[in-house]
Participant: 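Starting off with a structure, shown below.
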Amino acid sequence: MQDVSTLVARAREGAPRAVARLISLVEGASPQLREVMAALAPLTGNAYVVGLTGSPGVGKSTSTSALVSAYRRQGKRVGVLAVDPSSPFSGGALLGDRVRMSEHASDPGVYIRSMATRGHLGGLAWSAPQAIRVLDAAGCDVVLVETVGVGQSEVEIASQADTSVVLLAPGMGDGIQAAKAGILEIGDVYVVNKADRDGADATARELNHMLSLGESRAPGDWRPPIVKTVASRGEGVDEVVEALEKHRAWMEEHGVLAERRLARAAREVETIAVTTLRERIGDLHGDRRLGTLAERIIGGELDPYRAADELVAGLTRG
């Protein structure tokens, strides 16, 4: 068993092994997880969480690495959660973005962690909210969360980030994909990466047109900017950071940042509660209570909804 208070103290000092151990406890749903979260709670709420999403091949990892460099030039500590598909054999991250961001590996002001989805849909790992909290408590000024790149199901990032960045690239049919995936509704900042390719201007125009068709914004509402970049050369990245800072300032001015974080905390509590109930129900297989309810349904005494109500009531009573 790890000494949680020591791990947290060392993580606050910037010790990467302590941060890694805390995230491992989170990913493994350790029996110490409740103790870890209790210790971290007073230390969180300072990091700016930026989510990056987009179809495979648009350059999410390259863009994330370029953003890390930009924030480090400002002297900020940066945490990166790079969510990868899971290996069907080990359950671990399949691609390992730490390899693709190796230029930051020796920087003590950067912490990069690959996380496996482990079958969780939505482009994020189930434990991502708790891992974000670990990086926040460890003193990261900015936490960049790169989604798995699965296409239409990865819009969950909008519920976990303060600001969501949607990346597109010319020549990939992303305009149609954007409409299908619903990402026009979740983006706070749009980035057309690989802007040195033919068709970049057309992609930006099409995106701007689609945003104007879908918007119903009042005066003073945030209008997502479109920034063109060549992340592999660092071009346009400072403009992306500027757009992010403008969005953060707008959210703080209008109370949106507090609202998003409140909603995020509420969803996290709900997810934990539902997971706890699901685990208890799973433990009931073979339990006489479940069999009795099933018999009453077959006998016409109960309908499935009333049976479920009785089951949940029994579980919540203990």
Participant: Decide salt bridge (Lys or Arg N to Asp or Glu O under 4.0 Å) for Arg296 and Glu310; before the verdict, give the C-alpha distance in whole Å, the side-chain angles of both, and the deciding distance to 0.1 Å.
Facilitator: CA-CA 12 Å; Arg296 293 171 66 191; Glu310 288 191 21; 3.1 Å; yes

Participant: Between Glu239 and Lys228, is there a salt bridge with N-O shorter than 4.0 Å?
Facilitator: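 No, no charged N to carboxylate O under 4.0 Å.
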
Participant: Go through Val189 and Lys246 one step at a time and tell me if the side-chain contact (heavy atoms from CB on, under 4.5 Å) criterion holds.
Facilitator: CA-CA 10 Å; Val189 175; Lys246 285 182 178 178; over 6 Å; no

Participant: Under the side-chain contact (heavy atoms from CB on, under 4.5 Å) rule, what do Leu135 and Tyr111 come out as? Steps first, then yes or no, please.
Facilitator: CA-CA 8 Å; Leu135 294 176; Tyr111 183 86; 3.6 Å; yes

Participant: Taking Glu268 first and then Arg264, would you say they form a salt bridge - that is, a charged N and a carboxylate O separated by under 4.0 Å?
Facilitator: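 Between Arg264 and Glu268 there is no salt bridge, as every charged N stays at least 4.0 Å from the carboxylate O atoms.
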
Participant: For a 4.5 angstrom cut-off between non-hydrogen side-chain atoms, does Arg10 reach Ser5?
Facilitator: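 They are not in contact (no side-chain heavy atoms under 4.5 Å apart), so the answer is no.
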
Participant: With the threshold set at 4.0 Å, does a side-chain nitrogen-carboxylate oxygen contact exist between Asp162 and Arg260?
Facilitator: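 Salt bridge absent between Asp162 and Arg260.
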
Participant: State the CG-CD distance between Leu33 and Glu35, to the nearest 0.5 angstrom.
Facilitator: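 Going from the CG atom of Leu33 to the CD atom of Glu35 covers 10.5 Å.
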
Participant: Counting C-beta onward and ignoring hydrogens, is there a side-chain heavy-atom pair between Val240 and Leu67 closer than 4.5 Å?
Facilitator: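 A side-chain contact under 4.5 Å exists here.
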
Participant: In Å, rounded to the nearest 0.5 Å, how long is the span from CG of Asn193 to CG of Leu52?
Facilitator: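 Interatomic distance, Asn193 CG to Leu52 CG, rounded to 0.5 Å: 10.5 Å.
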
Participant: Given Ser65 and Lys60, is the side-chain contact (heavy atoms from CB on, under 4.5 Å) satisfied, shown in steps?
Facilitator: CA-CA 9 Å; Ser65 182; Lys60 290 191 298 297; over 6 Å; no

Participant: Heavy atoms, side chains only, cut-off 4.5 Å: are Ile226 and Val192 in contact?
Facilitator: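 Result yes, sub-4.5 Å side-chain heavy-atom pair found.
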
Participant: Same cluster or not: are Val312 and Leu293 linked, directly or through other Ile, Leu, Val, Met, Phe, Trp or Tyr residues, by side-chain heavy atoms under 4.5 angstrom apart?
Facilitator: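 No; tracing contacts between hydrophobic side chains, which count when under 4.5 Å, never links both residues.
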
Participant: Side chains of Asp188 and Thr163: donor-acceptor distance under 3.5 Å anywhere?
Facilitator: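 No donor-acceptor contact under 3.5 Å links the two side chains.
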
Participant: Rounded to the nearest 0.5 Å, what separates atom CG in Leu25 from atom CG in Leu7?
Facilitator: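 The CG atom of Leu25 sits 6.5 Å away from the CG atom of Leu7.
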
Participant: Carefully, step by step, assess Glu27 and Gln130 under the rule side chain to side chain donor-acceptor pair (under 3.5 Å).
Facilitator: CA-CA 9 Å; Glu27 282 193 287; Gln130 289 79 31; over 6 Å; no

Participant: To the closest 0.5 Å, what do you measure between CG (Leu22) and CZ (Arg17)?
Facilitator: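 Between atom CG of Leu22 and atom CZ of Arg17 there are 14.5 Å.
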
Participant: Do you know which of Val110, Val68, Val142 makes side-chain contact (heavy atoms from CB on, under 4.5 Å) with Lys76?
Facilitator: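 Exactly one option meets the side-chain contact (heavy atoms from CB on, under 4.5 Å) with Lys76, and it is Val142.
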
Participant: Of all heavy-atom pairs between Gln160 and Pro129, which one has the smallest distance, and what is that distance?
Facilitator: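 What the structure gives for the nearest pair is OE1-CG, 3.5 Å.
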
Participant: Is a side-chain donor or acceptor of Trp250 paired with a backbone partner of Val256 at a separation under 3.5 angstrom?
Facilitator: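 No, the answer is negative, given that no donor and acceptor are paired below the 3.5 Å cut-off.
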
Participant: Over all heavy atoms of both residues, which pair between Leu211 and Pro224 is shortest? Give the atoms and the distance, please.
Facilitator: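 Minimum heavy-atom contact is CD1-O, 4.4 Å.
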
Participant: Between Leu244 and Tyr48, is the side-chain contact (heavy atoms from CB on, under 4.5 Å) condition met? List the steps.
Facilitator: CA-CA 10 Å; Leu244 292 174; Tyr48 176 41; 3.9 Å; yes

